[in-house]
Amino acid sequence: MSKLKIAIQKSGRLSEKSLDLLKECGIKLPNGDRKLKTEAKNFPIEILYLRDDDIPQYVEQGVADVGILGENEVHEKGKNVLQIKKLGFANCKLALAIPKDEEYNGINWFENKKIATSYPKILEKFFKEKAIAVEVEEISGSVEIATGIGLANAIFDIVSTGSTLIMNGLKEVEVVMKSEAVLIANPNLNNLKKEILNQLIFRITAVRNASENKYILLNAPNSAIDQISKVLPGMKSPTILPLADKSWSSLHSVVKEDEFWDIIGQLKELGAQGILVVPIEKMII
Ligand code: ATP
Ligand code: MG
């Protein structure tokens, strides 16, 4: 039987989270050493462990059918692959940074400057669209030291917390793109593989929805149920169950984690008590 070949990063920032995602999707992989490839025990997929730089090319060529990698790498490589779904991890941004003592008064600062980066294509496209001439110096690693050693006037690199920039006497001045891990696919999959991919997407969606949402339970006096129901966003209207004390009820609903923090104050003001917020394992909408 045909299997869907999925490429993930062999070792690096994406590896563990990619495997965790497959695990949360109920896909069981054999324990032990990570070889070049492994087969799932209970789902028709085969995992290929590769360098993330190579994944777009392999997916384009059909060596792998789908792959998990950072959007930044997908854009940089510019291969003919479909971007199927954002996966919500490995969030970072690609930013321009300059020595901290430089005065910066806008993007024209970069005119005729030399910029060191591992992402030359994304950078060239950015400045071409702005019609600003720059010199791009491609280097493969340790981009952040390029200004300190006199290789370039500025750098263009991945920034997450910004501490690496500070350590190297740099300041971020422009964000060029935001990135997170994505699922990409070869555009010409056969029907059987498309079917497996759809099942995988269905599971990933359920896992992603679950991680963004929480199940909320609270007790409320019956007189407050209408108002509290309006505040609770929920998938539908909340479930209402009677409590032993007849003048009180228990309300259950699903809320987005970030929305929850916005409404907690209102819920308490309306008389809600014993508020519980619990994680959801899977969520099918
Ligand atoms: P490989 O050896 O496979 O080529 P790599 O050194 O290119 O690995 P990693 O450093 O493991 O890559 O990063 C992989 C991806 O993780 C990056 O392309 C980016 O999308 C994301 N990433 C990188 N740095 C960070 C960070 N500091 N915070 C969050 N995500 C990041
Ligand atoms: Mg790489």
Side-chain angles (χ1 to χ4, degrees), residues 5-24 29 33-38 46-61 63-97 115-126 136-147 154-185 204 207-208 211-212 258:
K5 287 176 286 180
I6 173 164
I8 65 171
Q9 192 188 24
K10 187 176 168 63
S11 66
R13 286 172 189 274
L14 299 164
S15 315
E16 288 313 310
K17 293 224 167 105
S18 304
L19 288 170
D20 287 349
L21 177 65
L22 296 177
K23 258 182 241 158
E24 284 167 34
L29 301 172
D33 277 352
R34 229 170 269 170
K35 293 168 286 183
L36 177 61
K37 56 182 183 177
T38 50
E46 194 172 66
I47 320 279
L48 306 181
Y49 301 95
L50 301 170
R51 280 201 62 198
D52 67 347
D53 307 56
D54 298 333
I55 294 177
Q57 183 183 343
Y58 285 0
V59 170
E60 182 186 66
Q61 292 172 348
V63 175
D65 301 308
V66 300
I68 295 177
L69 76 163
E71 259 175 310
N72 52 321
E73 214 55 69
V74 181
H75 283 231
E76 179 62 25
K77 294 296 185 288
K79 299 288 181 189
N80 179 27
V81 295
L82 300 175
Q83 194 166 312
I84 305 285
K85 196 166 178 60
K86 294 192 190 244
L87 301 175
F89 59 87
N91 293 70
C92 58
K93 57 192 173 182
L94 263 61
L96 284 157
I115 311 167
T117 187
S118 318
Y119 297 94
K121 288 221 181 94
I122 296 172
L123 186 61
E124 275 160 8
K125 183 162 172 272
F126 176 77
V136 174
E137 182 73 32
E138 182 176 355
I139 52 176
S140 58
S142 305
V143 173
E144 64 284 354
I145 65 166
T147 59
I155 67 153
F156 174 59
D157 201 9
I158 290 176
V159 178
S160 57
T161 59
S163 56
T164 310
L165 293 184
I166 293 169
M167 271 180 344
N168 288 282
L170 295 161
K171 63 180 175 190
E172 176 187 314
V173 291
E174 301 281 343
V175 174
V176 173
M177 81 170 279
K178 291 203 167 135
S179 174
E180 65 185 90
V182 288
L183 181 69
I184 59 165
I204 291 175
V207 170
R208 297 267 296 119
S211 69
E212 283 168 7
D258 40 3

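Just so we're clear, the structure is a prediction, and the values are computed from it rather than from any experiment. Read the numbers this way: they start at 1 and go in the same order the structure lists the ligands and their atoms.
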[atom]: nearest protein contact (heavy atom, Å):
atom: atom 20 (O) of ligand 1; answer: Asn72 OD1, 2.8 Å
atom: atom 7 (O) of ligand 1; answer: Asp52 OD1, 3.2 Å
atom: atom 29 (C) of ligand 1; answer: Asn91 O, 3.2 Å
atom: atom 8 (O) of ligand 1; answer: Gln9 NE2, 2.8 Å

Original post:
Is there at least one protein heavy-atom neighbour under 4.0 Å from atom 2 (O) of ligand 1?
Top reply: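 Neighbour list for atom 2 (O) of ligand 1 includes protein heavy atoms (cut-off 4.0 Å).
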
Closer than 4.0 Å to some heavy atom of [X] - which atoms of ligand 1 meet that?
X: Gly70; result: 20 (O)
X: Leu14; result: 14 (C), 15 (C), 16 (O)
X: Ser160; result: 26 (C), 27 (N), 28 (N)
X: Gly12; result: 11 (O)

Subject >> Heteroatom distance test (Arg13, ligand 1): nitrogen or oxygen, under 3.5 angstrom >> reply: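 Yes, since at least one N or O of Arg13 sits under 3.5 Å from an N or O of ligand 1.
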
**OP:** Decide, yes or no, whether a salt bridge links Lys77 with Glu60 under the criterion of side-chain N to carboxylate O below 4.0 Å.
**Re:**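 No, no charged N to carboxylate O under 4.0 Å.
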
**OP:** Select the closest option to atom 4 (O) of ligand 1 among Leu50, Asp53, Leu94, judged by heavy-atom distance.
**Re:**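 Looking at heavy atoms only, Asp53 sits closest to atom 4 (O) of ligand 1.
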
Subject >> Glu71/Met177 under side chain to side chain contact (heavy atoms under 4.5 Å, CB included): CA gap, chis, key distance, verdict >> reply: CA-CA 9 Å; Glu71 259 175 310; Met177 81 170 279; 4.1 Å; yes

Subject >> Neighbour count >12 (heavy atoms, 6.0 Å) for atom NZ, Lys171 >> reply: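 Atom NZ in Lys171 is crowded, with more than 12 foreign heavy atoms closer than 6.0 Å.
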
Original post:
Would one find more than 12 heavy atoms of other residues, nucleotides or ligands at under 6.0 Å from atom OH of Tyr58?
Top reply: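 12 or below, so no.
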
Could you state the interatomic distance from [atom1] ([X]) to [atom2] ([Y]), rounded to the nearest 0.5 Å?
X: Lys178; Y: Cys92; atom1: NZ; atom2: SG; answer: 11.0 Å
X: Ile155; Y: Glu137; atom1: CD1; atom2: CD; answer: 13.5 Å
X: Arg51; Y: Gln57; atom1: CZ; atom2: CD; answer: 12.0 Å

Subject >> Minimum-distance N/O/S atom that Asp53 presents toward the Mg ion (ligand 2) >> reply: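 The atom in question is OD1.
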
Original post:
Which of the N/O/S atoms in Asp52 sits closest to the Mg ion (ligand 2)?
Top reply: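 Atom name of the closest N, O or S in Asp52: OD1.
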
**OP:** Would you check if the side chain of Thr117 reaches a backbone N or O of Glu138 as a donor-acceptor pair within less than 3.5 Å?
**Re:**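 No, because the side chain of Thr117 does not come within donor-acceptor range (under 3.5 Å) of the backbone of Glu138.
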
Original post:
Does the side chain of Tyr49 pick up a donor-acceptor pair with the side chain of Ser11 at under 3.5 Å?
Top reply: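 No pair is found: no donor N or O on one side chain lies under 3.5 Å from an acceptor on the other.
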
